[in-house]
Amino acid sequence: MNGLLEDGLGLMVLGMGFVFLFLVVLIFATGYMSRLLNHFFPDVPVGPKKSPTAPAVSDSLAVTPQMAAVITAAVHQHRNKNS
Amino acid sequence: MNGLLEDGLGLMVLGMGFVFLFLVVLIFATGYMSRLLNHFFPDVPVGPKKSPTAPAVSDSLAVTPQMAAVITAAVHQHRNKNS
Amino acid sequence: MNGLLEDGLGLMVLGMGFVFLFLVVLIFATGYMSRLLNHFFPDVPVGPKKSPTAPAVSDSLAVTPQMAAVITAAVHQHRNKNS
Amino acid sequence: MENKLLNLYHDTGIYQLELGQFVMICVGLLLVYLAIKKGFEPLLLLPIGIGAVLVNIPGAGFMAAPVYDATGHMTSPGGLQYYIYHGGIETGLFPLMIFMGVGAMTDFGPMLANPKTLLLGAAAQFGIFATVIGAVVLGASGLMDFTLADAAAIGIIGGADGPTAIFVASRLAPDLLGAIAVAAYSYMALVPLIQPPIMRALTSKEERSIKMVQLRPVTKKEKIIFPIVVVILVAMFLPSAAPLLGMFCFGNLMRECGVVDRLSDTAQNALINIVTIFLGLGVGSKLSSEDFLNLETLGILGLGLVAFSIGTAAGILMAKLMNRFSSESINPLIGAAGVSAVPMAARVANKVGLEANKQNFLLMHAMGPNVAGVIGSAVAAGVMLSYVGG
Amino acid sequence: MENKLLNLYHDTGIYQLELGQFVMICVGLLLVYLAIKKGFEPLLLLPIGIGAVLVNIPGAGFMAAPVYDATGHMTSPGGLQYYIYHGGIETGLFPLMIFMGVGAMTDFGPMLANPKTLLLGAAAQFGIFATVIGAVVLGASGLMDFTLADAAAIGIIGGADGPTAIFVASRLAPDLLGAIAVAAYSYMALVPLIQPPIMRALTSKEERSIKMVQLRPVTKKEKIIFPIVVVILVAMFLPSAAPLLGMFCFGNLMRECGVVDRLSDTAQNALINIVTIFLGLGVGSKLSSEDFLNLETLGILGLGLVAFSIGTAAGILMAKLMNRFSSESINPLIGAAGVSAVPMAARVANKVGLEANKQNFLLMHAMGPNVAGVIGSAVAAGVMLSYVGG
Amino acid sequence: MENKLLNLYHDTGIYQLELGQFVMICVGLLLVYLAIKKGFEPLLLLPIGIGAVLVNIPGAGFMAAPVYDATGHMTSPGGLQYYIYHGGIETGLFPLMIFMGVGAMTDFGPMLANPKTLLLGAAAQFGIFATVIGAVVLGASGLMDFTLADAAAIGIIGGADGPTAIFVASRLAPDLLGAIAVAAYSYMALVPLIQPPIMRALTSKEERSIKMVQLRPVTKKEKIIFPIVVVILVAMFLPSAAPLLGMFCFGNLMRECGVVDRLSDTAQNALINIVTIFLGLGVGSKLSSEDFLNLETLGILGLGLVAFSIGTAAGILMAKLMNRFSSESINPLIGAAGVSAVPMAARVANKVGLEANKQNFLLMHAMGPNVAGVIGSAVAAGVMLSYVGG
Ligand code: NA
Ligand code: NA
Ligand code: NA
């Protein structure tokens, strides 16, 4: 029965140690990542993420050829007019 | 083969009996439930249920912290103005 | 090893042959189908298919009885007015 | 090479196709035609029809069982419909999920406003048990090869409820599942043709013109508690109906409780749609020539029609009886809606009522027996499973 | 005939119901009541409650195992919850899918703006390990029958994270799964009651009034790279946490990368909803009287409450410590959000902060430790799985 | 205690990681990078990349098989990717469901308006079979260890159709599945780079400027009947292609028939998204170092590029031939769209056409051979499965 208690204490020490170790490493990794990214790829910050109930962006297959043709033609006409 | 016929008749008698028994019990249970509820918790009746294709109510996680912060701040400002 | 090469060539000849055979048959079948349909059931052509992200048409069960009753009554009133 | 060419020819459908398979492909295409052109329950009959076509393509292996070697390693994968049928239909999972979705789509309001209409939902189940007798007589006479389990599964067609019929058939008579499902959905689609003559024959114009009093409003609380009451009664009286009615009430509770709308929405959209596609393909897999092209199928189709007719008649007669003894008048037409076939049967009652009296709107009143019929046939299913299986 | 009638009576719940089943049905109904009326994590507790009711209906067979004959042909199908539990929970599939969906719903922005808050997410996990000691003491003293694996599974309740708790319990202590899941979700729902007294006891009004500096904006690139960094660190340091954190980060990457919005949308809607329904029914299947109605359950409920309280306290104390040594001031209240229970704990921190200072908006600051707590408890889960299982 | 600490260290990735696993994690991250940053088929390559990372984490057990004791009780659950791979990919279920969804997304209108373009879809499949010869030569020469089945599976990359490639590879060469899927999706993403030089090399500016006559409108009836015609022809001539084309046509019929819009909508949204997530994780599970880090993978990547190029060329040359003999002029560029890679290849044809003549809109004309290419490669897949497997 003492073995159980000892095991439990071992788990606590190891566990809390590991949780802290991991998250401290993560703090440094995250900070380093942020500095690296913002140094090499300065970027505009993003606003709030759109809500998950927003409609999914339809993928490429979902554009029917007719729609695409119409769009292409419209863009083309517009360019011709303005040139 | 007569056994089959007998079994079928037994199933019919038992079956119809049980269906009636169950639904009669349900009539009383339902009526009793309604009376009990309307006596102890008088409530306003509800209108037609919204159509199932209506967007799901997003759960709590779906509120991004930014949105929540904006809402909180706005409510707070409003209160301050009116006090 | 020569057997492998031979098998590969066989697969190529058979495969391309079959692909062409099948699609040529399909050309005739499709053409025949179109002529048949347009001869026996002359029909108006359809516009571009609606995008797949459009809301699903709710099936019959989704119409709540209240809604249906309201619609029925409204249609009826309308008819009475106009008769 | 010539050998391989010959193999390829031997693999073609032209070489392998048997007459039975050809006929069953035509039956599948007929179902597709009825679904698309005639609007016969297309959500189910289209996938069932395609499933019937696919399973009868010789050599396509849609129902092939997977093959494993001695070490448990798969040497040949199974066919799509094999996995669907054995994973979702034989186990009963798909019908139960559909039933949950249907529960989430069902509004018990009209029934709660007038609980007496539950009696109509009970009476209409007489179609089920009368059909059992019919099937038993056919079996006992030696005309057809029906056991008691077969007869019970055939009878459930009269319940006019697809998932219940599939659930019961998968447990009591898997070989007849295809014919039973096709009969159930076909006759449900034919309700507007089957019921009106019976309704007119059994009622006078005066009876059909009876107006019913406006239903009382029903509170949210009643709607929330009702599915729980049903589950408790089922647990007390008929546990064998608990799978069907438990899932049905679970779906209904998700709908009405108002705190899990995202689950309710998924249950009545994405989930039920996904399961419907696979249920249809799985049911279609039972439309093989051995199982379908025989005298028994004719018997099932005939008995199914009888079941619908008797159920309709029983509902109407019970409504006439109730009208005689009830303080509030009851239009006998709403009894016909007791067979379920939600919401088609209720619409038919409304339509026939309007023919008799242009001011007579029965739809809401018919929805009560209509949803009561769903409960009634699930109870009948439970009795059958307990009686035949136990 | 009389025989059959007797059979039918012997099949009823009235005849078969045992006291334990009756009590467990009541427990299930209590959970349903708490979910609907009190708003206790209804998305999970409603399906769990119904699952508990269904599995305890005598003779309904919701947990019945399928029966096969010698040739592998199924002679009797299994029950719905049997398939759900063994297919989705015992295998760990459902908690992992939920975790993926939760990842797709999580915004790491506030944490990335202030990575130090990860320490708060670490400190709050002390609740987990203190509870392990508590359970071990109860086990070693002979009061309750807890092994080390049981103790670890019970401790994870303090992680305040449902899918993590279910995942760990399914691997370390399947018999306690029901009680652990119920405790985890119940206490998560009770966070607004459990935490404020502890928060007020451990902080002065001045501390609670501390304002924190506006968070810096976080770029899209940081949000995209972060989940990948986490996965790599997990792969390096703690592979046993990889299933949980891998799926969580996969979901988060789908959310943030911006090129698979349709997958992200499905992961956080249709898919997570479907899995939630089945997860709930499956967890409910473990609420049988043998597993639940015993002293151990009381121990679990008690220890779970201790776990939450200690985790809350540890988070607050760590925040006070950090406030002393940090250049920027840190409001100790946000430490309490480190237990996760996203986003409830962050809201509680915000509310208690507003009581002390009407201009003090802590929500965004509390979201950092809040999501850090999710990572923290997944790491703790990994340590436990490695320590106990290995 | 020191023992446990040592265990924990032995469990870490740092201790266990082998070079091959490290390289494969990098390959997975490369795929994620290409998906997000370069937009390479992100819907598939993102999950595949993450799947490759996860499966190569040492000790995480994503592909661990479940362990059962003698009584059939599970003693250790399997890993997530184990269940996904064996449940959905080895069985062929996931590619078939994807194909159904793609069918529900496909508009056959442009092809029906000009059925001759089916010939272009046939010609472009020459890439498949030329590649088979290439792989067979590599195998026969002893350079690489390719069997005929391997060669066939590699050739299908030239079909430029992901689910078809995965379906064929899972049946003929499961060990090469990872490399084949990665090659197929990568080259599909690279179509805008691979095809234009070939198109310019094989055509003159005059040919590229050819305008095509406006397509005739296509009726709803034709669109409904067409998938049924395809299924019947497949049943007659090539049952081994029936799983792929049957599901494809089923999806297309749901789309066009107009009576099951809710099923069609689910097939092309929730269902295909769910399956895509799992398909990607499952394919990624085959990106283990043993299976991927060898000479054969280089051969597969090289041969895949050859396949795409030959297919493109064959399509163009066939279009030039048809232009010579046809009454209506045909722009040879649309022949390149015959490789499928819907709709990317059609867009490329349109773009190259616009470069030659700013008034020349080929998109609609290129959609015909584009969707014909899907049918063509499914037919080629059927021939291979019949020839190699039979
Ligand atoms: Na019924
Ligand atoms: Na936590
Ligand atoms: Na192709």
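Keep in mind it's a predicted model, so treat the numbers as computed, not measured. Below, chain A is the first sequence line, B the second, and so on; all start at residue 1.
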Counting heavy-atom pairs under 4.5 angstrom with chain A, the leader among E/Leu112, E/Leu238, E/Val137 is E/Leu238
Tell me, side chain or backbone of E/Val132 under 4.5 Å from chain A's heavy atoms, or both, or neither?
-> side chain
Closest approach of A/Ala29 and E/Leu233, non-hydrogen atoms and distance?
-> CB-CD1, 3.9 Å
Identify the heavy atoms of A/Leu5 and E/Ala140 that sit nearest to each other, and give their distance.
-> CD1-CB, 4.5 Å
Measure the OG1-CG distance between A/Thr30 and E/Asn114 for me, rounded to the nearest 0.5 Å.
-> 11.5 Å
Contacting region of E/Ala151 [heavy-atom separation from chain A under 4.5 Å] | neither
Roughly how far apart are A/Leu14 CG and E/Met384 CE, rounded to 0.5 Å?
-> 11.5 Å
Region of A/Phe22 in contact with chain E, defined by heavy-atom distances below 4.5 Å | side chain
Work out which heavy atom in E/Arg216 is nearest to a heavy atom in A/Asn38; give both atom names and the distance.
-> NH1-ND2, 4.1 Å
CZ (E/Phe129) with more than 12 external heavy atoms under 6.0 Å | yes
Would a 4.5 Å heavy-atom cut-off, applied to side chains only, mark A/Leu21 and E/Phe237 as touching?
-> no
Would you mind reporting whether E/Leu118 and A/Phe28 have side-chain heavy atoms less than 4.5 Å apart?
-> no
Heavy-atom closest contact (A/Met16 atom, E/Ala123 atom, distance) = CE-O, 4.0 Å
Is any side-chain heavy atom of A/Asp7 closer than 4.5 Å to a side-chain heavy atom of E/Val136?
-> no
Flag side-chain contact, heavy atom, 4.5 Å: A/Met33 against E/Pro115 = no
Give a yes or no on whether the backbone of A/Met12 and the side-chain of E/Tyr387 come within a donor-acceptor separation of less than 3.5 Å.
-> no
Check whether any side-chain heavy atom of E/Met318 lies under 4.5 Å from a side-chain heavy atom of A/Phe20, and answer yes or no.
-> yes
Could you have a look at E/Thr147, E/Leu148, E/Val383 and say which one has the most heavy-atom pairs with chain A under 4.5 angstrom?
-> E/Leu148
Under a 4.5 Å cut-off applied to non-hydrogen side-chain atoms, are A/Val24 and E/Leu119 in contact?
-> yes
Is chain A contacted by the side chain of E/Val234, its backbone, both, or neither, given a heavy-atom distance below 4.5 Å?
-> both
